[in-house]
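Values reported hereafter were calculated over all heavy atoms of this structure, with side chains retained and with hydrogens, waters and symmetry mates removed.
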Amino acid sequence: MAERSFKKEVEKLRAGAGEVFVGEGILAVTKALLQSGVSYVAGYQGAPISHLMDVLADANDIMEELGVRFENSASEATAAATLAASVNYPLRGAITFKATAGTNVASDPLSNLASGGVTGGALIIVGEDYGEGSSIMQERSHAFAMKSQIWLLDPRPNLPSIVKAVEKSFELSEASNTPVMLQLRIRSCHMHGHFVAKDNVRPAFGLADAMDNPSRDVSRIVLPPASFVHEEEKIHRRWPAAVDFIQREQLNEFFGAQDGSYGLVLQGGMYNTVIRALQLLDLADVDGNTDVPLYVMNVAYPLVDDELRGFCQGKEAVLMIEEGQPEFIEQEATSSLRRADLQTRMHGKDMFPRAGEYTTTVVLKALLKFFGRYQPDMQALERLPEGVRASLAPRPVPVPVRAATAEEMANTAPAPAAPVPELHPRPPGFCTGCPERPVFSAMKLVQKELGPHHISCDIGCHLFSILPPFNLGATTMGYGLGSAGAAAFSTKETSRRTISMMGDGGFWHNGLTSGVGNAVFNKNDNVLVIIDNGYSAATGGQDVLSSKASNKIRTTNLSIEKAVRGVGVEWVRTISNTYSITTMQDTLREALTTTAKGPKVIIAQSECMLNKQRRVKPLVRKATAEGKRVVRERFGVDPDTCTGDHSCIRISGCPSLSIKDNPDPLRTDPVATVLNSCVGCGVCGEASHAAVLCPSFYRAEIVSNPDRGDRLWARVASGVIGFLQRRLAAREVRYV
């Protein structure tokens with residue numbers, strides 16, 4: 001069950017020639033693939049393009065009608081290796097994943113693919129989430145393109161430009177026998193717009209044609225001496241062919257007046273931001289029309305020397321707007337100008353910050369510097385709205401003051417204490433009712449008993465355990481690499497063991513071999529906890545091999561326990577209900593103290609609560625609307641019993657836990673309370689009870705459409721409680 005369904009939206013993919021397609025960027029990308037005659041599509045889910053995989057999955061029926069194969073790959077390397085189908089056959093193929101984490105994983109097959117070259121068009125759609133919204137290291141895909149000579153497109157963020165980029169990427173790949181990387185920022189993926197559609201195209205040469213007529217070309221395989229020829233071929237044949245195609249098809253664009261003594265050179269993906277900054281300076285209108293000379297590089301690599309030099313000819317200076325670092329394009333552009341003996345001054349990172357996302361404000365500040373130096377009449381701050389001017393105003397520099405003498409300090413009244421903020425910031429964490437939270441509550445309790453352990457984390461939802469209130473975990477090295485990240489800590493010089501984390505998604509992605517199998521092979525004696533929440537939850541809730549849900553186009557319901565036993569693990573414990581903190585606690589204690597040798601694996605199973613609610617809530621609403629009896633659980637805190645210790649919040653950290661004023665006038669500490677977002681998992685009370693800290697939690701059942709038995713029981717319970725309350729009130733001692 002994916003995070004979002006596109007069942008309705010994918011019907012738009014049937015639009016024919018001349019129809020106006022209206023929709024989201026990722027839908028436009030899918031439509032462009034079908035219009036281009038793609039034969040196969042593969043990929044690995046991951047933000048910010050996770051929804052592209054979801055769109056492809058929901059559009060599987062449409063793709064099958066056209067003979068297009070959709071492959072949900074086990075990893076980014078698996079997806080990249082799929083492009084091998086385009087090496088010997090005129091098959092157009094596309095893969096997708098997020099960068100740079102995904103490109104890191106896929107770098108081995110991508111290098112081999114780029115070395116040997118391709119016959120059919122090979123397209124890598126990369127979700128470039130540098131800057132805002134990124135959940136990974138701040139790096140760029142550009143380095144991978146340069147390293148392997150893979151052509152990199154960075155189209156302007158509008159649907160017609162993106163669709164054109166997809167279609168032309170296949171043509172560019174075929175014209176130069178080189179794979180092409182298409183970089184899409186998160187805003188491009190999810191922006192809405194329209195374009196004029198074309199008919200979907202069934203591949204002229206399909207997968208069945210290739211299988212019925214097998215072909216091989218040894219010169220495409222990366223083995224000496226062919227591998228030495230590949231490098232020569234890249235430089236002397238493929239590169240010039242790519243540059244010729246880029247120029248002939250005018251993939252890069254020029255805007256504004258091309259004369260003048262200055263200009264702007266920018267990545268295509270930065271176009272909207274730059275135009276907005278120019279609008280604020282009254283140098284562009286709402287349609288993007290401007291007199292400022294712009295060279296928009298929709299192809300970020302390779303650099304087209306003739307276009308760049310022609311744009312810079314006769315200009316005193318240009319400003320390179322290149323987001324991220326290192327400044328690959330700026331360095332290459334400067335070198336190109338100097339080789340041609342053009343003395344146009346190239347500015348870039350000297351006017352922009354070297355790191356960080358280039359928002360409109362950042363670009364605006366750089367433009368003001370540039371225009372202030374070369375075109376002062378266009379730099380005037382008075383052109384800007386008052387609010388923008390205020391945001392650009394330099395902050396006052398604190399003036400150093402003379403240290404006060406002892407006499408002055410004695411005669412000066414103490415400064416009032418800074419007010420304590422009413423609310424403390426809450427770090428990002430697990431969803432309400434997440435089945436992973438009790439695992440880490442149990443881990444904290446075990447460490448309180450046995451002492452601290454080195455904990456190796458992994459990519460996934462469980463990575464939130466490094467933040468308060470758990471504060472667990474020392475490192476994370478990559479998806480499915482939690483166990484490998486602790487591999488060095490297996491030594492006979494101590495009896496202590498490390499704890500490693502891994503999710504079910506990471507397990508099937510990479511962890512079975514690099515983590516579990518490697519630990520067995522090296523006789524590792526540490527503990528691995530595999531969180532099996534039933535989905536690849538961190539990437540949007542897609543199914544994996546061990547998902548319990550049935551999937552008509554995928555195999556599910558496979559056992560993680562059987563898989564780890566299959567590679568040689570003997571000590572395995574499966575906990576089918578992670579919400580039982582005492583069970584988790586006992587199992588962790590046993591794993592850390594047992595005399596059994598070899599890797600210890602704990603499989604902690606409970607369904608991802610977010611996906612469970614997506615599945616259950618519609619059913620509950622439907623049953624309630626039909627008048628059926630529906631019972632749901634809620635937990636609460638008895639304010640008269642709560643002492644204000646807040647152990648439930650410290651150990652659990654559930655978003656549904658908060659505080660409120662203490663009803664007892666003799667106590668000042670606020671009491672805990674459970675908000676309406678509670679889903680009834682019971683972890684807050686379970687954690688407190690497991691820690692032997694708090695008896696104040698209670699469980700209640702909320703009944704919709706109660707039957708006669710429910711009403712009778714409610715009247716009896718209410719009567720008994722009322723009787724006891726009146727009896728207690730009569731015994732109270734009152735002071736007058």
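Here L368 contributes atom CG and L281 contributes atom CG; the two are 5.5 Å apart, rounded to the nearest 0.5 Å. Between L294 atom CG and E253 atom CD the span is 10.5 Å, to the nearest 0.5 Å. Rounding to the nearest 0.5 Å places CG of L463 at 11.5 Å from CG of L472. The CD atom of Q149 sits 11.5 Å away from atom OG of S176, with the distance rounded to the nearest 0.5 Å. With values rounded to the nearest 0.5 angstrom, I124 atom CD1 is found 6.5 Å from F97 atom CZ. With rounding to the nearest 0.5 angstrom, the CD1 atom of I162 is 11.5 Å from the CG atom of L153.
Looking at E332 and P302, their side chains never come closer than 4.5 Å, going by heavy atoms from C-beta outward. Counting only heavy atoms from C-beta outward, the side chains of D54 and Q542 approach each other to under 4.5 Å. Annotation: side chain of K31 is not in contact with side chain of V166 (no heavy-atom distance under 4.5 Å). Contact of the Y44 side chain with the I95 side chain is not registered, since no non-hydrogen atoms from C-beta on lie closer than 4.5 Å. Side-chain contact between L184 and L52 is absent, with no heavy atoms from C-beta onward closer than 4.5 Å. Side-chain atoms of F6 and I26, non-hydrogen and from C-beta on, do get closer than 4.5 Å to each other. When side chains are defined from C-beta on, W239 does not count as touching T178, because their heavy atoms never get closer than 4.5 Å.
The main-chain N or O of Y295 is never found under 3.5 Å from a side-chain atom of N252 such that the two would form a donor-acceptor pair. Between the side chain of Q250 and the backbone N or O of Q247 there is no donor-acceptor pair closer than 3.5 Å. At distances below 3.5 Å, not a single donor-acceptor pair connects side-chain atoms of S483 with backbone N or O atoms of S500. Side-chain atoms of D291 never come within 3.5 Å of backbone atoms of A257 as a donor-acceptor pair (strictly under, hydrogens ignored). No donor-acceptor distance shorter than 3.5 angstrom exists from the side chain of S173 to the backbone of F170, with no hydrogens or angles considered. One N or O on the side chain of S111 and one on the backbone of S107 form a donor-acceptor pair closer than 3.5 Å. In terms of modelled atom types and a separation under 3.5 Å, the side chain of R156 and the main chain of N298 share no donor-acceptor contact. Proximity of a side-chain donor or acceptor of R185 to a complementary backbone N or O of C189 within less than 3.5 Å is not detected. Without hydrogens or angle criteria, S261 side chain to E316 main chain gives no donor-acceptor distance under 3.5 Å. Between the side chain of K349 and the backbone N or O of E322 there is at least one donor-acceptor pair closer than 3.5 Å.
Taking all atoms of both residues into account, the shortest heavy-atom contact from G480 to S514 is O-OG, 3.6 Å. H347 and A317 get closest at one heavy-atom pair: CD2-CB, 4.1 Å. Counting all heavy atoms, side chain and backbone alike, A145 lies closest to L152 at CB-CB, 3.9 Å. Taking every heavy atom of both residues into account, N611 and G541 meet most closely at ND2-O, 3.4 Å. For the residue pair G25 and L159, the shortest heavy atom distance occurs at CA-CD1, 4.1 Å. Across M501 and H462, no two heavy atoms sit closer than the pair CB-CD2, 4.3 Å.
Scanning for salt bridge (charged side-chain N to carboxylate O under 4.0 Å, His left out) contacts around E330 gives an empty result, with sequence neighbours left out.
Ring geometry for F311 against F254 counts as tilted: the plane angle lies between 30° and 60°, on a 0 to 90° scale.
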Just distance, no hydrogens or angles: give the donor-acceptor pairs under 3.5 Å from side chains in residues 267-277, sequence neighbours left out.
from, atom 1, to, atom 2, distance (Å)
Q267, OE1, E323, N, 2.8
N272, ND2, P157, O, 3.1
R276, NH1, Q279, OE1, 3.4

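You'll find the ring centres of F371 and Y262 inside the 6.0 Å limit. In summary, the aromatic rings of Y301 and F328 are positioned with their centroids too far apart to meet the 6.0 Å limit. A centroid separation of 6.0 Å or more is found between the aromatic rings of Y479 and W508.
Checked for salt-bridge contact, E327 and R354 meet the test: a charged N lies under 4.0 Å from a carboxylate O. Between R187 and E357, at least one side-chain N (NZ, or NE/NH1/NH2) sits under 4.0 Å from a carboxylate O, which counts as a salt bridge. Using a 4.0 Å cut-off between a side-chain N of Lys or Arg and a carboxylate O of Asp or Glu, K168 and E171 qualify as a salt bridge.
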| request: Test S335 against R339 for side chain to side chain donor-acceptor pair (under 3.5 Å), laying out the working first. | output: CA-CA 6 Å; S335 177; R339 284 198 302 269; 2.7 Å; yes
| query | Checking side chain to side chain donor-acceptor pair (under 3.5 Å) for the pair N510/S75: CA distance, chi angles, key distance, verdict? | reply | CA-CA 7 Å; N510 191 22; S75 72; over 6 Å; no
| Derivation of the side chain to side chain contact (heavy atoms under 4.5 Å, CB included) call for I499 and H454 | CA-CA 6 Å; I499 302 173; H454 177 87; over 6 Å; no
| query | Would V55 and E9 satisfy side chain to side chain contact (heavy atoms under 4.5 Å, CB included), going step by step from the backbone distance to the final call? | reply | CA-CA 9 Å; V55 169; E9 288 93 332; over 6 Å; no
| Going through the distances and angles, do F352 and K369 end up as a side chain to side chain contact (heavy atoms under 4.5 Å, CB included)? | CA-CA 9 Å; F352 277 96; K369 290 180 186 178; over 6 Å; no
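Atom CG of N289 sits in a crowded spot, with more than 12 heavy atoms from other residues, nucleotides or ligands closer than 6.0 Å.
A donor-acceptor contact closer than 3.5 angstrom is absent between the side chains of T100 and T103.
Looking at E128, Q183, K98 one by one, the single match for side chain to side chain donor-acceptor pair (under 3.5 Å) with S141 turns out to be E128.
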